[in-house]
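Below is one structure; the comments refer to it alone.
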2 protein chains.
Amino acid sequence: MNQPRYQRRKEDRPEEITAAALEAFAKNGYAATRVDEVAKRAGVSKGLLYLYFKTKEELFKSVVRSFVMPRIDTLIKIIETSDMSSEKFLRGPFLDFARQVPGSPISVIVRLMVAEGPKHPDLVQFYWDNVVSHGLGAINELLWHGVQSGEFQRSTVSEQPALFVMPVIFSVIFNLLFSKQPIDTDRLIETQIDLLISHLKGHTT
Amino acid sequence: MNQPRYQRRKEDRPEEITAAALEAFAKNGYAATRVDEVAKRAGVSKGLLYLYFKTKEELFKSVVRSFVMPRIDTLIKIIETSDMSSEKFLRGPFLDFARQVPGSPISVIVRLMVAEGPKHPDLVQFYWDNVVSHGLGAINELLWHGVQSGEFQRSTVSEQPALFVMPVIFSVIFNLLFSKQPIDTDRLIETQIDLLISHLKGHTT
DNA sequence: CTCGTTACTGACCCATGAGTCAGCAACTAC
DNA sequence: GTAGTTGCTGACTCATGGGTCAGTAACGAG
């Protein structure tokens, strides 16, 4: 008859709260998100949230840890284990990954990092160590491999992995800001990859 | 003997306050900047600030107006009045402009927009109307001109002005976050422009 | 059905900072 | 000088929201 007003589910709470926080941050950004709102989304009181996360900042850290690293690690695994040509990898798995980032939680994290990063140097360091350096390093290695095997020519392009990441980050930020005039993310990413590969294959100076 | 505690300098106040606001925003971001601090930096009381700017948001708009719009407008003027070839313009004035952005107040504004835009849709709209649409429009026109005159081939590149802006925005954000491992901004921008022009001049598919 | 443990609630506290306003003092005209 | 104007001050109000804690009720053990 009388439904219990709540259930005790200690195990699941942190995960659920973290997911709710991602939603809220996605919608409003970090500073503008009320802890009350996160709690509400998680179907929980504010007090309970503070039992699991000491501060709002802890909550933020938890979101970063939960939603970014697994994705990047997966991609790096593919680079390391597969033996396809560099071009095949760039046009295949890498392009697929790049195209799906703008619609994934990673895009939210990117924005949060840009917004709150300067106030949380330790978080930025963590993000660099576990995500950025790995990602850029992997691309670097891939390009180096291409050059070594004679598939790509050595040039200034083959030494700047950022050229490959650029359109992804740019698209994420552009569309988060100007959602009213969205950019064609897929097209931008594809064009850039095409340009880069064209160059690396020696079709131009 | 008795120095006056302040001088009445109605003419200069708005400009000085705007400059102070830019400094404060650069240091702390929009939300984290206290109006009190801006006033202090400007050597003025908070009350006076509110005589010249109705709200904190007005203050922000004033910063954009003073430090961003003139730069963009100057660049557009050059496009419209000069009759140099599209390539010359891209390799000359445009490249110069792009290279100096990361060290200019514009980079501060970009960061602010990314970080706090979602909470202030009207600010985003203001920025779009007065800066982004003008800038992208100008590049579009330039590319179209190049195509019309036969200087450039028509392609997917000539229809995506964002390709030219991308490295600038990316550099600003990257270096803001990871100032410990800064990226070579000039090199990135130059490489991208080279790639794009190479393509547009028909050296590749 | 107890009774003890503890996951959970939500009303509360209080630091913060945007925005206000009554009065003061710098300047001007005479 | 002195009276009028107005640029300017800074103490104030008040909404907001992060963080707390005394109490409540779900659940398990006996």
Side-chain angles (χ1 to χ4, degrees), chain A residues 1-25 27-63 112 115-116 119-120 123, chain B residues 1-63 112 115-116 118-123:
Chain A
M1 172 90 248
N2 257 11
Q3 291 279 37
R5 299 196 315 181
Y6 58 83
Q7 288 166 356
R8 311 170 103 184
R9 297 182 14 256
K10 182 178 178 158
E11 303 301 317
D12 303 329
R13 297 302 191 194
E15 194 177 343
E16 290 174 10
I17 293 171
T18 302
L22 175 69
E23 281 178 39
F25 289 155
K27 202 180 161 213
N28 300 319
Y30 177 80
T33 293
R34 316 289 149 226
V35 176
D36 264 323
E37 192 198 331
V38 174
K40 204 171 181 183
R41 274 178 191 273
V44 138
S45 70
K46 187 164 70 163
L48 183 65
L49 189 153
Y50 273 99
L51 280 182
Y52 292 109
F53 302 93
K54 263 183 62 185
T55 65
K56 188 184 180 186
E57 184 181 323
E58 277 306 317
L59 189 58
F60 178 93
K61 287 184 182 176
S62 171
V63 170
L112 294 186
E116 310 299 328
K119 264 179 267 172
H120 304 278
L123 210 64
Chain B
M1 172 85 246
N2 257 10
Q3 291 279 38
R5 299 195 316 179
Y6 58 84
Q7 287 167 355
R8 312 170 102 184
R9 298 186 8 258
K10 183 178 180 160
E11 303 301 316
D12 302 331
R13 295 304 191 193
E15 195 177 343
E16 291 174 10
I17 293 171
T18 302
L22 174 69
E23 281 179 38
F25 289 156
K27 202 180 162 212
N28 300 319
Y30 179 79
T33 292
R34 317 290 148 224
V35 175
D36 264 322
E37 191 199 330
V38 175
K40 204 171 180 183
R41 275 179 191 271
V44 139
S45 70
K46 187 163 69 161
L48 182 64
L49 188 154
Y50 274 100
L51 279 182
Y52 291 108
F53 302 94
K54 262 183 62 186
T55 65
K56 189 184 180 186
E57 185 180 315
E58 279 305 317
L59 190 55
F60 178 86
K61 286 185 182 176
S62 170
V63 171
L112 293 187
E116 333 228 16
K119 196 187 169 187
H120 304 278
D122 40 345
L123 286 185

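Scope of the values below: all heavy atoms of this structure, side chains included, with no hydrogens, waters or symmetry mates.
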| field | Atom CD of A/Glu15 with >12 non-hydrogen neighbours under 6.0 angstrom | value | no
| said: D/dC8, OP1 or OP2 - any side-chain N/O from B/Tyr6 closer than 4.0 Å? | reply: no
| task | Indicate whether OP1 or OP2 belonging to D/dT9 is found under 4.0 Å from a side-chain N or O atom of B/Arg5. | result | no
| request: Grab the CG-P distance between A/Asn28 and D/dG17 for me, whole Å please. | output: 11 Å
| task | May I have the distance from A/Asp12 (atom CG) to C/dA7 (atom P), rounded to whole angstrom? | result | 14 Å
| query | Relative to the ring of A/Tyr30, is the ring of A/Phe25 parallel (under 30°), tilted (30 to 60°) or perpendicular (over 60°)? | reply | tilted
| Could you give the CZ-to-P distance, from B/Arg9 to D/dC8, as a whole number of Å? | 8 Å
| query | Distance check: side-chain N/O of B/Arg34 vs OP1/OP2 of C/dT16, anything under 4.0 Å? | reply | no
| field | A/Asp36 or A/Leu48, whichever maps to the more 5' nucleotide of DNA chain D | value | A/Asp36
| Crowding at NZ, A/Lys56 (>12 non-hydrogen neighbours, <6.0 Å) | yes
| query | For the pair made of CG in B/Leu49 and P in D/dG10, what is the distance, rounded to whole Å? | reply | 14 Å
| query | Does NZ or CZ of A/Lys61 lie under 6.0 Å from the centre of the six-membered ring of A/Phe53, at an angle within 45° of the ring axis? | reply | no
| query | Quick one: does B/Lys46 reach the base of C/dG19 with a side-chain donor-acceptor pair under 3.5 Å? | reply | yes
| query | Given atom NZ of B/Lys10 and atom C1' of D/dT6, what is their separation to the nearest angstrom? | reply | 8 Å
| remark: In whole angstroms, the gap separating C1' of D/dG7 from CD1 of B/Ile17 amounts to 12 Å
| task | Record whether the side chain of B/Lys54 comes under 3.5 Å of the base of C/dG19 through a donor-acceptor pair of N or O atoms. | result | no
| query | With respect to the phosphate group of C/dC8, does any side-chain polar atom (N or O) of A/Tyr52 fall under 4.0 Å of OP1 or OP2? | reply | yes
| remark: When rounded to whole Å, the OH to P distance for the pair B/Tyr50 and D/dT6 reads 25 Å
| said: Can you tell me which nucleotide in D/dT9, D/dG19, D/dC27 comes closest to the side chain of A/Lys56? | reply: D/dG19
| Student check: side-chain heavy atoms of B/Glu16 and B/Val44 closer than 4.5 Å | no
| Residue A/Arg13, side-chain atoms from C-beta onward, closest of C/dG19, D/dA26, C/dC8 | C/dC8
| Do A/Arg8 and C/dT6 have a side chain to base donor-acceptor pair shorter than 3.5 Å? | yes
| request: Return the value, rounded to whole Å, for the distance between atom CD of B/Glu58 and atom P of C/dA18. | output: 15 Å
